[in-house]
Amino acid sequence: MTKLQNTRGPMTTAIHAGEAPDPTTGASAPPLHMTSTYVTDQVAGFSAHDIGEESGYLYTRWGNPTVDMFERKMAAMEGMETCLATASGMAAASAIFLTFLSAGDHVVVSDVSYAGVAELARDTLPRLGIEVSLVDMSDLEAVAAAIRDTTKLVHCETPVNPIMRLTDLAAVSRLAHDAGALLSCDATFASPLGQDNAALGVDLVMHSVTKYIGGHGDAVGGIVAGSAELIARLRLEAGIHHGGILSPFNAWLIARGAATLPLRMRAHEAGALQVAHWLETRDSITRVFHPGLPSHPQANLAAKQMSNTSGMISFQVGSAARGQELAQQMIDRLEIIHYAVSLGHHRSLIFWMETDGLMETSFRLSGRNLDSYRAFAGDGIFRLSVGLEDAEDLIADLAKVL
Ligand SMILES: *Cc1c(COP(=O)(O)O)cnc(C)c1O
């Protein structure tokens with residue numbers, strides 16, 4: 001969709017958007033409304049179809065003031081009209097697929113994506129009669145060739161988890177829109193500061209807000225932002241009927257994280273660049289990928305599309321056996337960096353991902369798609385989420401094993 005005009009800067013938006021002092025108490029901080037239901041003075045219908053703009057709150061699965069505050073903040077940070085908050089990032093992905101696709105429709109999905117999304121697309125959607133093409137989204141010819149008359153949605157992820165390959169959003173949005181399809185983008189790795197999804201033609205942007213947006217590793221959630229029309233459909237189907245809504249407590253916690261996101265993303269980016277440059281100097285390391293490194297194979301696209309290259313790094317150490325051995329040493333010897341899945345937190349996290357294992361479970365790629373994966377991941381990668389600690393301390397921790 002077209003980008004909404006916002007005259008305020010990103011830091012002011014992150015802090016103030018969606019919030020206002022509480023009209024009854026004057027509380028400056030947004031209140032936490034932990035309630036499932038609301039006392040009403042209207043005799044109203046009992047279906048979600050009976051609720052209108054003027055209805056007020058009736059039941060928290062249909063709407064909650066704390067969740068609304070978080071949704072308004074996220075919509076403003078993405079420059080989109082509105083937003084639906086979901087129970088997790090996976091609930092955001094399944095909300096998009098199950099709201100905008102029906103039996104007989106076709107969807108083009110990135111052949112590499114967050115493992116849960118890859119497995120949902122490959123295993124669940126075909127069971128529901130939805131045809132799925134898994135495509136390397138960095139290969140524009142392959143995307144164009146995959147699109148059919150029945151294609152309703154193109155779903156990409158950039159930078160892609162776990163290999164840091166990028167999708168040219170402006171180019172892919174043209175291909176999708178020429179075919180009358182929607183473009184959805186999982187921008188979890190980039191965060192809302194990484195790329196201007198709305199201006200690049202993304203119709204639906206999703207995030208696992210468990211990661212950078214919450215930023216503190218304490219709450220799971222997701223969002224999908226887009227036009228009022230698309231999000232109204234999503235809210236009715238996925239929010240109210242499938243029921244995977246965000247708890248008000250998690251909305252409140254994650255909104256608190258979101259307020260400092262622009263500052264944190266600058267620090268994540270700076271720390272990651274420092275660590276990535278150091279990794280490139282080590283003899284034990286064969287390849288390092290971060291979109292801000294001149295050595296990234298899509299460095300030009302990163303420079304054009306990304307305004308913050310985020311804190312994610314992947315690196316290779318030669319063989320799978322060597323990776324396995326180093327992973328065990330990290331578990332035993334790292335003192336600051338946690339050996340753990342997830343990412344985007346103030347604490348640094350690292351995890352080893354072997355290529356053969358991931359191919360058997362999540363991705364099952366072959367031919368050209370496997371070659372493209374291996375060009376970024378070799379026999380396996382370490383995925384490092386650089387947190388907000390001093391980069392010198394992270395480097396000293398890593399130097400014990402690398
Ligand atoms: C973590 C993640 C998800 C899933 O989010 P949850 O909050 O764990 O359900 C989806 N996409 C990407 C890119 C992720 O990193």
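Nothing here was measured: the structure is a model prediction, and the numbers come from that model.
The shortest side-chain heavy-atom distance between I223 and E71 does not fall under the 4.5 Å cut-off.
Closest approach of A258 and P262 over heavy atoms only: O-CD, 4.1 Å. Of all heavy-atom pairs spanning L273 and H290, the tightest one is CD2-CD2, 3.7 Å. Contact between T361 and R122 at its shortest, heavy atoms only, is O-NH2, 3.3 Å. Scanning all heavy atoms of the two residues, the minimum distance from P30 to M69 falls at CB-CE, 3.7 Å. Of all non-hydrogen atoms in M74 and I213, the two that sit nearest each other are CE-CD1, 3.5 Å. Among all heavy-atom pairs drawn from T82 and S227, the shortest one is CG2-O, 3.9 Å.
Electrostatic pairing of E131 and R148 counts as a salt bridge here, judged by a charged N lying under 4.0 Å from a carboxylate O.
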Review item, side-chain donor-acceptor pairs of residues 377-386, under 3.5 Å, at least two apart:
unit_1	atom_1	unit_2	atom_2	d
D379	OD1	R374	NH1	2.9
R383	NH1	N161	OD1	2.8
S385	OG	G344	N	2.9

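Side chain of K73 to main chain of A17: a donor-acceptor pair is present (N/O by atom type, distance under 3.5 Å, no hydrogens or angles). No donor-acceptor distance shorter than 3.5 angstrom exists from the side chain of T151 to the backbone of L153, with no hydrogens or angles considered. The backbone N or O of L182 sits nowhere less than 3.5 Å from a side-chain atom of D203 that would complete a donor-acceptor pair. K400 contributes a side-chain N or O that, together with a main-chain N or O of R333, makes up a donor-acceptor pair within less than 3.5 Å.
Side-chain contact check for D68 and Y57: at least one donor-acceptor pair (N or O, by modelled atom type) lies under 3.5 Å. In this model, no donor atom of one side chain and acceptor atom of the other lie less than 3.5 Å apart for E389 and H346. H33 and T66 form no side-chain donor-acceptor contact under 3.5 Å, judged by distance and modelled atom types alone. Checking S310 against H268 by side-chain atom types alone, no donor-acceptor pair falls below 3.5 Å. Looking only at atom types and distance, the side chain of R165 has no donor-acceptor partner in the side chain of S110 under 3.5 Å away. Using modelled atom types, one finds a donor on one side chain and an acceptor on the other under 3.5 Å when comparing S184 with H155. Between D136 and N369, the side chains place no donor N or O within less than 3.5 Å of an acceptor N or O (distance only, hydrogens not considered).
Ring geometry, W252 versus F249: the interplanar angle falls under 30°, so the pair is classed parallel (tilted spans 30 to 60°).
Remark: R266 pairs with no residue by the side-chain hydrogen bond (donor to acceptor under 3.5 Å, both in side chains) rule, at least two apart or across chains. Q328 pairs by the side-chain hydrogen bond (donor to acceptor under 3.5 Å, both in side chains) definition with D332, not counting sequence neighbours. Under the side-chain hydrogen bond (donor to acceptor under 3.5 Å, both in side chains) criterion, S295 pairs with E280, not counting sequence neighbours. With sequence neighbours excluded, the residues forming a ring pair (Phe, Tyr, Trp, His ring centres under 6.0 Å) with Y339 are F351, listed by chain and number. Not counting sequence neighbours, R256 has no partner by the side-chain contact (heavy atoms from CB on, under 4.5 Å) test.
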Inset, instruction - Using the side chain to side chain contact (heavy atoms under 4.5 Å, CB included) rule, take F97 and L120 through it: C-alpha gap first, then chi angles, then the decisive distance, then the call. - result: CA-CA 9 Å; F97 291 148; L120 176 71; 3.5 Å; yes

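For F289 and F376, the ring centers sit closer than 6.0 Å to each other. For an aromatic pair to be called close, the ring centres must be under 6.0 Å apart, and F363 with Y373 satisfies this. Ring-centre distance between Y212 and H345: not below the 6.0 Å cut-off.
Around atom CZ of R282, more than 12 heavy atoms belonging to other residues, nucleotides or ligands sit under 6.0 Å away.
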